[in-house]
Amino acid sequence: MGGGTTRVGDPSDKTSQRPLLTDAVIGANLAGIRRAFAPFLAFGEGPTDAVMVNNADWLDRLGYIEFLRDYGVHFTINRMLALEFVKTRIEAQQPLTFLEFNYLLMQAADFLELNRRFGCTLQFGGSEQWGNIVSGIDLIRRVEGREVFGVTAPLVTTASGVKMGKTVAGAVWLDGAMLAPYDYWQFWRNTEDADVGRFLRLFTDLPLAEIARLEALGGAEINEAKTVLANEATTLLHGAEAAGAAAGAARDVFGSGGITKDLPTRPLKRGGWPQGRSSTEVVFASGLVSSKAEARRKLSAGEVRINDELMTDPTKTIYWSDVEQPLGVFKVQLGKRGRIVLVQPVD
RNA sequence: GGGGGAAUGUCCCGAGCGGCAAAGGGGGCGGACUGUAAAUCCGCUGGCGUACGCCUUCGCAGGUUCGAGUCCUGCUUCCCCCA
């Protein structure tokens, strides 16, 4: 956790100055990140358990002179100028601040510190971290005489070049409270054909032979592979039960057109309205749109179905008595086969 | 220290003779076509309101004007050139 490095910000992101975070916020973020990783890692005290540390623990105490003397001596400008991100910035006549230039020293120092404290020998990161990681490897070799390693992965994009992680409601959240398991399952189910094999290898633990069989499926049969991908990925994050429920909900929705309690559900206050609320209010309550104006637009454009009926009048009253039984909810759907949210009237 | 340039719809890029809710892309959402896919074509993409409508946006703060993204002044940040 970069509680220390966050104070200087991400050098590559020049458009937005990263705000200084208070210790309280950093603590909350740390807890949040820990929660996000919990399904995949076992945190604890055991020999193979995961630990999460905050680099503010050692970076904050570091004085400038001390920093220069302990770490600065091991870095030559000659080598740093040869780094790819430095070269490209200089060649492109783009400014490279001293702060950015120093960022990799701090990250290298982190690796060294982790190596000393925990015997950490491998640093993993996105491909843009290559220079930072290699600098840490060099530093550890010089200071400790130990050989350590780095692994980088390319930014994952879809076959059509789109960055991974964007979806209707924003990002693909790992937190089930931010993105319902059903929607997480759907995200994987809607993978592009060309990505299925790659994603199965990257995001599931299936045997390679099985993956090879799945990605060989052609035409509409590839959908079977997508279902497997969705099941596996959702199981890893939310567990087999949630994955099964999401798959079942999908069968009901896309197969029979029915609804189940496993679909995302949002409340709608009855308030002072005894009979019902306008279609705009109901759609807004679903969270499928971010404003009532957008709800009106989408209704008028014929994008919305309520209880399987195309609803084009933004002012039409939806009566409380129109809820679908036995769940007692309105089924709000964006697009003919698009996202579905159940809206439940509450007092 | 001196000179020049730039900041636009809070997703991004980017046009913008003083009348602008603001061109055009990309992205996103929807439709047609399909297989809950891709590609292609079409529509939508500031907020509030049932509605004539109202409100808020162009780095920040003032000013000129009936009226300012557009002109003037100061400030902030960034870039380039000279020293």
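Across all strands shown, the partner of A61(B) is U73(B), judged by Watson-Crick or G-U wobble contacts whose two distances both fall under 3.5 Å. Figure legend. C17(B) is base-paired to no nucleotide; pairs are counted as Watson-Crick or G-U wobble with both atom distances under 3.5 Å. The nucleotide G1(B) finds its pairing partner in C82(B), both defining distances of the Watson-Crick or G-U wobble pair being shorter than 3.5 Å. Nucleotide A37(B) has no partner under the Watson-Crick or G-U criteria, as no pair reaches both atom distances under 3.5 Å. As the counterpart of G27(B), U45(B) is assigned, both hydrogen-bonding distances of the Watson-Crick or G-U wobble pattern falling under 3.5 Å.
Comparing atom distances between the Lys292(A) side chain and each of U36(B), C48(B), C29(B) picks out C48(B) as nearest. Comparing U36(B), G47(B), A37(B) by their nearest atom to the side chain of Phe254(A) picks out U36(B). Looking at the side chain of Ser291(A), the nearest of the listed nucleotides G35(B), U36(B), C48(B) is C48(B).
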Next on the checklist: Test side chain to side chain contact (heavy atoms under 4.5 Å, CB included) on Thr315(A) and Thr280(A); report intermediate values, then the result.
Outcome noted: CA-CA 7 Å; Thr315(A) 70; Thr280(A) 297; over 6 Å; no

Item to check | salt bridge (Lys or Arg N to Asp or Glu O under 4.0 Å) between Arg61(A) and Glu66(A), intermediate numbers included | outcome: CA-CA 10 Å; Arg61(A) 288 202 306 269; Glu66(A) 189 188 355; over 6 Å; no

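Distance check on atom P: G69(B) versus C20(B) gives 11 Å, rounded to whole Å. For U10(B) and G46(B), the C1' atoms lie 11 Å apart once the distance is rounded to whole Å. Nucleotides C52(B) and G62(B) place their C1' atoms 36 Å apart, quoted to the nearest Å. To the nearest whole angstrom, the two C1' atoms, one in A7(B) and one in C58(B), are 10 Å apart. Here the separation of U8(B) from C13(B), taken at their P atoms, is 7 Å to the nearest Å. As rounded to the nearest Å, G24(B) and U77(B) have P atoms that lie 35 Å from one another. Remark: the separation of the P atoms in A51(B) and A6(B) is 41 Å, to the nearest Å. Straight-line distance between the P atoms of U70(B) and U57(B): roughly 13 Å, to the nearest whole Å.
The nearest whole Å value for the distance from the CD1 atom in Ile222(A) to the P atom in A37(B) is 14 Å. Leu299(A) has its CG atom 13 Å from the C1' atom of U50(B), to the nearest Å. Distance CG (Leu229(A)) to P (U36(B)): 17 Å, rounded to an integer number of Å. Rounded to a whole Å, the NZ atom of Lys336(A) is 14 Å from the C1' atom of G35(B). Note: CH2 (Trp185(A)) to C1' (U36(B)) measures 9 Å, nearest angstrom. Spacing between atom CD of Glu303(A) and atom P of C44(B) amounts to 11 Å, rounded to whole angstrom units. Nucleotide U45(B) holds its P atom 11 Å from the CD atom of Glu294(A), rounded to whole Å. Between Leu334(A) atom CG and C44(B) atom C1' the separation is 12 Å, expressed in whole Å.
At a threshold of 4.5 Å between non-hydrogen side-chain atoms, the residues His238(A) and Trp185(A) do not count as touching. Taking the side chain as every heavy atom from C-beta outward, Ile318(A) and Asn307(A) never approach each other to under 4.5 Å.
Across all strands, Ala194(A) comes closer than 4.0 Å to no nucleic acid atom at all (heavy-atom distances). The residue Ser300(A) sits apart from the nucleic acid: no heavy atom pair falls under 4.0 Å. Among the heavy atoms of the strands, none lies under 4.0 Å from Glu221(A). Residue Arg297(A) is in sugar-phosphate contact alone, with no base atom involved, counting any heavy-atom pair closer than 4.0 Å across all strands shown.
With respect to Glu303(A) and Arg297(A), no salt bridge is recorded, no charged nitrogen being found less than 4.0 Å from a carboxylate O. Under the 4.0 Å criterion applied to side-chain N and carboxylate O atoms, Lys226(A) and Glu192(A) are not assigned as salt-bridge partners.
One N or O on the side chain of Asp49(A) and one on the backbone of Gly46(A) form a donor-acceptor pair closer than 3.5 Å.
Here C20(B) is in the syn range [glycosidic angle within 90° of 0].
For Arg296(A) and U45(B), the shortest distance from a side-chain N or O to OP1 or OP2 is not below 4.0 Å.
Along RNA chain B, the nucleotide nearest Pro314(A) and the nucleotide nearest Arg189(A) are compared for position; the residue whose nucleotide lies closer to the 5' end is Arg189(A). Residue Ala250(A) is the one, among Ser278(A) and Ala250(A), whose nearest nucleotide of RNA chain B lies closer to the 5' end (criterion: closest heavy atom).
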